[in-house]
Amino acid sequence: MSIIDCPQCGKRTSSRAPICDHCGYAEGETNDEARQRFRERKIRNQLYRLNMASYAAMTIVILAFGWYWLATDGLNRPSDSIGPYFLMMVGALAYLGVRVMMFLAKKKRKAIWQNN
């Protein structure tokens, strides 16, 4: 077994892998099971990345609220800066967008499982 460059995408992959882990290129004969595993792995990795992005968006919202808390002396006076508001809005919209993408990815994963 050796590590080779995929002829399709050029990324490093195993010479024994029936399907490239990165792009799905299949050299020679591949069975449906290998293609199914590739699709499931690709969706699982996508869901993992989206989950991490949702954590990042939540962190942005929490940091923005902390900034707002400090800027208002513990909510005792109005904030002079628009920064915390803007950052909370960006974080909240990013979180909602990521959650929509996660919903669509889970729907795709369910469709793949039902095709088995």
Side-chain angles (χ1 to χ4, degrees):
M1 179 179 107
S2 62
I3 303 297
I4 60 170
D5 292 333
C6 173
Q8 183 80 20
C9 66
K11 294 184 180 177
R12 311 282 287 170
T13 189
S14 170
S15 62
R16 290 190 177 180
I19 297 176
C20 174
D21 291 335
H22 307 287
C23 67
Y25 175 76
E27 187 163 327
E29 291 292 318
T30 58
N31 56 11
D32 290 335
E33 182 181 334
R35 290 184 188 279
Q36 181 72 15
R37 278 193 317 241
F38 170 75
R39 285 192 289 271
E40 288 173 359
R41 185 177 34 228
K42 196 160 182 116
I43 296 242
R44 184 190 66 223
N45 292 343
Q46 180 185 12
L47 284 170
Y48 175 78
R49 286 189 304 273
L50 288 171
N51 202 20
M52 292 299 114
S54 73
Y55 292 149
M58 285 189 285
T59 302
I60 289 171
V61 171
I62 291 169
L63 290 174
F65 183 76
W67 182 11
Y68 179 76
W69 181 270
L70 292 173
T72 61
D73 292 328
L75 305 176
N76 290 327
R77 64 179 178 83
S79 176
D80 299 332
S81 174
I82 195 167
Y85 299 111
F86 179 74
L87 199 56
M88 276 192 263
M89 182 183 68
V90 166
L93 290 175
Y95 180 76
L96 290 174
V98 167
R99 296 305 292 186
V100 166
M101 289 188 289
M102 284 180 76
F103 173 77
L104 295 174
K106 286 180 181 180
K107 191 174 177 182
K108 188 189 298 184
R109 179 179 63 180
K110 186 176 180 181
I112 288 174
W113 284 350
Q114 287 177 349
N115 286 339
N116 284 341

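Only a predicted model underlies this, so the values are computations on that prediction, with no experimental measurement involved.
Applying the side-chain hydrogen bond (donor to acceptor under 3.5 Å, both in side chains) criterion to Arg99, with sequence neighbours excluded, gives no partner residue. Evaluation of the salt bridge (Lys or Arg N to Asp or Glu O under 4.0 Å) rule for Arg77 yields Asp73, Asp80 as partners, not counting sequence neighbours.
In this model, a donor atom of one side chain and an acceptor atom of the other lie less than 3.5 Å apart for Arg39 and Gln36.
Tyr48 and Trp113 end up in different hydrophobic clusters when Ile, Leu, Val, Met, Phe, Trp and Tyr side chains are linked at under 4.5 Å. Put simply, Tyr95 and Met89 are part of two different groups of oily side chains (I, L, V, M, F, W, Y) that touch within less than 4.5 Å, one to the next. Leu93 and Val90 fall within the same hydrophobic cluster, defined by Ile, Leu, Val, Met, Phe, Trp and Tyr side-chain heavy atoms under 4.5 Å apart, directly or through other members.
Leu47 is not listed as a side-chain neighbour of Asn51, based on a closest heavy-atom distance of 4.5 Å or more. Between Leu75 and Tyr68 there is a side-chain heavy-atom pair separated by less than 4.5 Å.
In this structure, CD1 in Ile43 is found 10.5 Å from CZ in Phe38, a value given to the nearest 0.5 Å. The CZ atom of Arg37 sits 10.5 Å away from atom CG of Asp21, with the distance rounded to the nearest 0.5 Å. Of the inter-residue distances, the one linking Trp69 atom CH2 with Asn76 atom CG reads 8.0 Å to the nearest 0.5 angstrom. With values rounded to the nearest 0.5 angstrom, Ile62 atom CD1 is found 12.0 Å from Leu87 atom CG. The OG1 atom of Thr13 lies 12.5 Å from the CD atom of Gln8; values are rounded to the nearest 0.5 Å.
Here the closest non-hydrogen pair linking Val61 and Gly91 is CG2-C, 3.5 Å. Heavy atoms only, all atoms of each residue included: Ala105 and Leu50 are closest at CB-CD1, 4.4 Å. Between Ser79 and Pro84 the shortest heavy-atom distance is OG-CG, 4.4 Å.
Within 6.0 Å of the CD1 atom in Ile3, the count of heavy atoms belonging to other residues, nucleotides or ligands exceeds 12. At most 12 non-hydrogen atoms from other residues, nucleotides or ligands lie less than 6.0 angstrom from CZ of Phe86.
Between Arg44 and Glu40, no side-chain nitrogen of the basic residue sits less than 4.0 Å from a carboxylate oxygen of the acidic one, so the salt-bridge criterion is not met. We find that Arg12 and Asp5 are joined by a salt bridge, their nearest charged nitrogen and carboxylate oxygen being less than 4.0 Å apart.
Lys42 places a side-chain N or O within 3.5 Å of a backbone atom of His22 that can act as its donor or acceptor partner.
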